[in-house]
Amino acid sequence: MNGTLIPNTPFAVDFWQIRKCSHVRLFFLSHLHSDHTSGLSSTWNRSIYCSPITAKLLQWKFQVEETLIHPLEVGESHLLYLDEVGKETMTVTLIDSNHCPGSVMFLFDGYFGTILYTDFRYTPTMFCNSPLSTEKRIDVLYLDNTNCDPESVVPSRQEATEQIKEIINSHPEHNVVIGLYNLGKESLLIELALAFKTWVVVSPRRLQMFQLLRLSDVFTSEVGAGRIHVVDQNEINRFNMIRWNQTCPTIAIVPTSRRMKVTHRDIHVVPYSDHSSFQELQEFVARLKPYSIMPIVKGKACQAYFSQYLSSRDELKSIQIPETVEKCMKKNSKHHDALPHQFFKPRTLDIPRGVVFEPPEKGLHDCNGADYLCTEELSWCYASLKSFDAVVEQYFKKRNKLIVRNTLD
Ligand SMILES: [Zn+2]
């Protein structure tokens with residue numbers, strides 16, 4: 001997951017490689033997991049839109065300048081300008097995605113149609129009094145397809161929590177080390193703390209983050225104060241297991257639905273997931289009935305599983321980028337005057353529809369999968385380069401400084 005440039009628009013979600021998207025004006029951050037923040041740093045100098053909790057964490061973790069962070073209330077629709085003259089607008093609605101603290105789905109509505117971006121654990125309450133419950137159809141659903149595999153077994157988080165409790169119960173004399181990423185699964189830790197009546201020992205930095213999130217008072221950074229310890233997931237390995245067991249009998253638990261090689265008999269991998277199970281994805285798509293689906297985990301095709309739930313329309317919907325928006329996108333692109341005219345010729349582009357899909361690596365609309373041209377003089381990205389091959393080749397001959405790079409993130 002390295003973010004998504006929304007085709008034919010000046011906005012992007014979780015995409016921070018500025019050299020590849022100089023036409024983008026509006027940057028949205030869905031949540032603060034590291035695979036969604038690649039490229040963000042304290043030197044970031046563009047506006048970022050996110051939930052209020054993510055805004056707090058963003059400033060704490062990356063020290064992004066406060067004036068650049070725009071927290072948007074969850075559950076409300078916000079009007080944002082897409083150009084500099086105040087003519088073209090879109091609305092964005094943030095919906096709690098039940099994934100990790102501060103995480104949201106984005107529902108965009110504008111000249112490009114209606115787009116929903118998800119990274120979520122589905123729960124039916126998402127349709128209660130929510131913008132998703134309206135009759136309005138989604139044109140493009142960016143679907144969190146992390147667990148989109150009919151073979152994968154992903155129980156509910158409550159069931160997975162019970163599995164973890166059983167493992168701990170069957171090792172009454174052991175310390176418990178839990179391997180986690182930087183954010184997420186806090187409710188599991190709180191439940192274990194209360195069930196086993198122990199403090200949960202975390203690093204001082206994680207404790208600081210939990211205090212910022214105002215979580216229950218079950219965490220401490222005092223080593224030895226509790227039976228349950230949280231470490232980074234990559235610290236759960238054979239070497240550490242042997243080392244920990246030299247001091248005290250220790251089991252490790254890794255709550256994840258990802259496949260993992262187990263290198264020690266006391267490492268327990270439990271499919272606790274903050275992403276929707278395959279069945280939940282099916283239910284979600286069946287209720288939403290979008291016109292098309294784009295997977296957010298690239299290279300993991302999933303559309304075929306949902307074709308029976310998609311809406312169809314009589315005519316192909318086309319998107320015409322409004323003049324003022326296009327002007328703004330060009331203006332933001334570096335050195336656009338140096339480019340051949342053809343590259344910026346206004347085009348009518350189609351959005352995916354029905355059961356006809358383009359995989360992201362080949363899609364006309366996914367700049368992640370498109371080719372990029374990088375030079376000292378220019379840096380931009382656009383879709384469907386292949387149709388311009390001849391033009392590009394000629395252009396290269398004239399300007400031997402150019403380097404072509406295929407960038408498939
Ligand atoms: Zn995530």
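For the numbers below, each heavy atom of this structure counts, side chains included, while hydrogens, waters and symmetry mates do not. Every number for a ligand or one of its atoms is a count from 1 in the order of the listing.
- In summary, Lys136 and Asp109 engage in a salt bridge, as defined by a charged side-chain N under 4.0 Å from a carboxylate O.
- Only protein atoms were considered; those of element N, O or S under 2.8 Å from the Zn ion (ligand 1) number 3.
- For Phe11 and Phe112, the ring centers are positioned less than 6.0 Å apart.
- Asp139 contributes no side-chain N or O that, together with a main-chain N or O of Ile115, makes up a donor-acceptor pair within less than 3.5 Å.
- Distance alone, capped at 3.5 Å, is enough to place a donor-acceptor pair between the His78 side chain and the Glu73 backbone.
- Using a 4.0 Å cut-off between charged nitrogen and carboxylate oxygen, Asp266 and Arg238 do not count as a salt-bridge pair.
- Ring geometry, Tyr309 versus Phe306: the interplanar angle falls from 30° to 60°, so the pair is classed tilted.
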